[in-house]
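In what follows, a single structure is set out as C-alpha cells and then discussed.
Reminder, nothing fancy here: chain letters follow the sequence lines and each chain counts from 1.
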Protein chains: 2
Amino acid sequence: MVTIKDVAKVSGVSPSTVSRVIANNPRISEDTKKKVRKAMKELGYHPNVNARNLVAKSTKAIGVIMPSSANVALQNPFFPEILRGIGSVIHEAEYSMYLSTGETEKEILSEVQRMVYGSYVDGVILLYSRINDKVTNFLREQGFPFVMVGKPQEHDTEITHVDNDNVRAGKEITQHLIDMGHEKIGFIGGSRDLLVTRDRESGYVAALEKAGIQECEGYKIHTEFLKSGGREAVEHLMSLSTPPSGLVVSDDLISLGILSMLESYGLRVPQDISLVSFNNVYLSEITRPALTTVDIQIYTLGAQSAKALIEKTLNKNEPAKRIIIPYEIVYRDSVSQLS
Amino acid sequence: MVTIKDVAKVSGVSPSTVSRVIANNPRISEDTKKKVRKAMKELGYHPNVNARNLVAKSTKAIGVIMPSSANVALQNPFFPEILRGIGSVIHEAEYSMYLSTGETEKEILSEVQRMVYGSYVDGVILLYSRINDKVTNFLREQGFPFVMVGKPQEHDTEITHVDNDNVRAGKEITQHLIDMGHEKIGFIGGSRDLLVTRDRESGYVAALEKAGIQECEGYKIHTEFLKSGGREAVEHLMSLSTPPSGLVVSDDLISLGILSMLESYGLRVPQDISLVSFNNVYLSEITRPALTTVDIQIYTLGAQSAKALIEKTLNKNEPAKRIIIPYEIVYRDSVSQLS
DNA sequence: CTGTTAGCGCTTTCAG
DNA sequence: CTGAAAGCGCTAACAG
C-alpha cells in the first residue's frame, strides 16, 4: 500500500504537506501542489479511509436500514427504487452507504447498534416506520443522527422524517372513486403496524365521512403479503351480502395479488369492480388493467432523506424537520364510472 | 467516546490487556477478563472499527455492486431478494456491507475504485455479469478479491462466480413447452449484453435443435425493460405470418409485461399462447395466470456468493471456483397442452 | 499471565 | 508557505 509518506518522499516534501494537498489547502503553493499531485498519480496513491476517519472522527458513511425481511414484503420494488434515490445523493456527496438487512427486529437492532457504537457511520436512514420500534427508540436515546422515511409514531417534531401526505393522498384517491359514482368502497391494507398503512386508511375513512357514506362493517381488511396474495381478503370481501364496488389498496404489490384473486372470482376490473392503489412502481403500469395509483415519488423520497441526513451529520444542531414529498395521482385503467 | 484506555483505568489493568480480552485471548486469566468486561459494560465501551481496521489492515466489510440503474430494470424484486441472501451471511459473520448503486458504468466504476483504493472493503460482489465490463476488468487487474453472481464473460476459471446452469435451465424449460406439444416457440430476452440472457437463450436454441425444430426467423427478440413493457416484442411476434404458440421469457418481470400485452391483443394465456419464464420471484405466483417458471433460488445465490467472498478474503490464495446453484422448475398455469 | 512500546496512515496544532 | 511532532484508538511484538 502506498502511503502519504511515499508520496512525500518522491515529491520531496513533508507528509503534512501532502496531507494539505489532499485537502486542497489554499496555503500551499500551486507549484508544490502540482508536484505532489504528480507524485500521487505516479505512485497510484489513494488515501486510506480508516486512518482518515480515525482522526477525523467522521466516516462520511451512512447506514440504511431495511425493514425486517422475514416475509416476502421486501421483494417490493419500492426498495431498489428508494436505494437508487439514496445512492444518487450519496455518490454525489462522496459518501458511502452501509446496508443492513435483518430477518428479525432483534437482528436489525444488533446491526444498528454495531453501526453506531462502532462508529461505522455518521447517521442512519430508516426505510420504514412502524409502531413500538426498538430501533427508533435506540437511535433516539443515543441521540444519534437519523432520518426516517415515513411518519414517526411519536416525537414527530423531534425526528427528521421524509414522507408523503399519505392521509391526504388516501383521501384524494378514495374521493376519486366516490366521484366516479362508487359508494361501497373497501380498503385493503398491509400490516397495521406500519404507519403508512394507518395514514392511508385514515385518508380513506375521511373521504367516506366527508361524502356522508357510512363506513361499512367488514370493508376494511389488513393482509400480510405472505398470505397467498390476498386470497383471504378477497374471499372475505366477496362473501359479504353487499360486496364493495371499489377498492382502495395500500400498495401496488398487494394490488397485483388482489387483481388476480378478483379475476379468479370471475370479477373483472374495472367493469365489475374498481381498484386504486399506491406507489406507482413500474409494475403498476404493466398490470392488466394498468393501475390508477398514487405516485409517491419513491426516488425523491430516498434522495431527500439522504440529503437531510447528510446535512444533519454535518451540523449536529440542525433542527428536526418534516419533509413532505408531493404525490400525484396517475389515472390509468382500473377505475370505471358507475352510473 | 469511551476508549480502551478508559476501560483500562477503571479495571486497573493496561490497555493491551483490555485489547486482549476483546480478542478473547486465552492467555488472560478468567478473573481479569471478568473484571475488564464488567468495566466495559459499565462504561458502555465499544471498539472503534476504524482504529481496529487501521492496524488490522482488514475491514470485515464487503462491497455489493448493483448493475447500472439508469433504467427501470433495477425495480426487479431479484435485487432485494439477493441482498437479503447476502445480508444473512454477512450478519452471521459479523461483517458489514457497502452498497453501491450507480446510474452509469462510469459512476459505478468510480465507486468501486474508491472502495478498493480507499480500503473500504475486503472484497466485492458483482450482482450482474455483462460483456466488456470495465468494473470486472478493473477488479481483475487489481487482483482484488471479488465474486460475481452470474457467469463471467471470460477468464471464468480465474473468477469465482456463483451461478445457475442457465443453459440447462433454458433447455429444460423449453423442452417442457415442446413436451406439451409446442413447436413454434419464441424467445423474449432482456439485454444481450447480459450473460444470463445469452445463456438462457442458448438453452432455448439447444432444446429446439435437439427436438429437430427449425429455428424460425424473427422468433428471437431482445427487449429493454423500459420499452413499454414489451409492447414492441409482442407486436412484432404477432405480426408474423405464423406467430408462436409458446414463449420462453428470460425474466419474470418481463413476463408480467408480456402477459398484459398479450391480453391487449386478445390472446389468452395459456389457452391461445403458452409462456414460461425465469426467476420465480414472488410476483410470478400472483400473476394471472400464475407463471410456470424456473426457480433459481435467488436467496441462495446471494448467500453463497457472500460466503465464497468471505472465504476468499480470509485466505487470499483460495482457488477460484464456480459454484452452481441448482434450479427447479415450478409448474403453474401458464402452459397448456397442445393437441 | 500482564505491561511497555511502537506504530498503522492520516490530520492538525505549533513553529518558523 | 512548509516542516516537526503529537495523537486519533487500537493491536502486536517484546519483555518480564
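- Boundaries of the chain B contact region on DNA chain C are C:dC1 to C:dG9, first to last in 5' to 3' order (nucleotide atom under 4.0 Å from a heavy atom).
- Residue A:K307 places its NZ atom among 12 or fewer non-hydrogen atoms of other residues, nucleotides or ligands, all under 6.0 Å distant.
- Using a 4.0 Å heavy-atom cutoff across all strands shown, A:V18 reaches no nucleic acid atom at all.
- Proximity of A:K33 to A:E30: side-chain heavy atoms (C-beta onward) are separated by under 4.5 Å at one or more points.
- Donor-acceptor pairing under 3.5 Å is recorded for the side chains of A:D122 and A:T59.
- You'll find the ring centres of A:Y117 and A:F138 inside the 6.0 Å limit.
- For residues 43-57 of chain B, proximity to DNA chain C is found at B:L54, B:V55, B:K57, defined as any non-hydrogen atom under 4.0 angstrom from a strand atom.
- Using a cut-off of 4.0 Å between Lys/Arg side-chain N and Asp/Glu carboxylate O, B:E105 and B:R130 are scored as not salt-bridged.
- At most 12 heavy atoms of other shown residues, nucleotides or ligands fall within 6.0 angstrom of atom NZ in B:K9.
- Spacing between atom CD1 of A:I4 and atom P of D:dC8 amounts to 18 Å, rounded to whole angstrom units.
- Side-chain atoms of B:S16 lie closest to D:dA12 of the nucleotides D:dA12, D:dC10, D:dG3.
- Checking A:R114 against A:Y120 by side-chain atom types alone, a donor-acceptor pair falls below 3.5 Å.
- Two residues are said to be in side-chain contact when any heavy atoms from C-beta on lie closer than 4.5 Å; A:Y95 and A:I62 meet this criterion.
- Of the residues in residues 25-34 of chain B, B:R27, B:I28, B:S29, B:T32 come within less than 4.0 Å of DNA chain C through at least one heavy atom, sorted by number.
- Using a 4.5 Å cut-off on side-chain heavy atoms (C-beta onward), A:H91 and A:S96 make no contact.
- Within 6.0 Å of CD on A:E92 lie no more than 12 heavy atoms contributed by other residues, nucleotides or ligands.
- When the shell of 6.0 Å around CD of B:E318 is examined, it contains more than 12 heavy atoms from other residues, nucleotides or ligands.
- The residue A:S19 sits close to a base: some heavy atom pair falls under 4.0 Å.
- At whole-Å resolution of the value, CG in A:N24 and C1' in D:dC1 are 15 Å apart.
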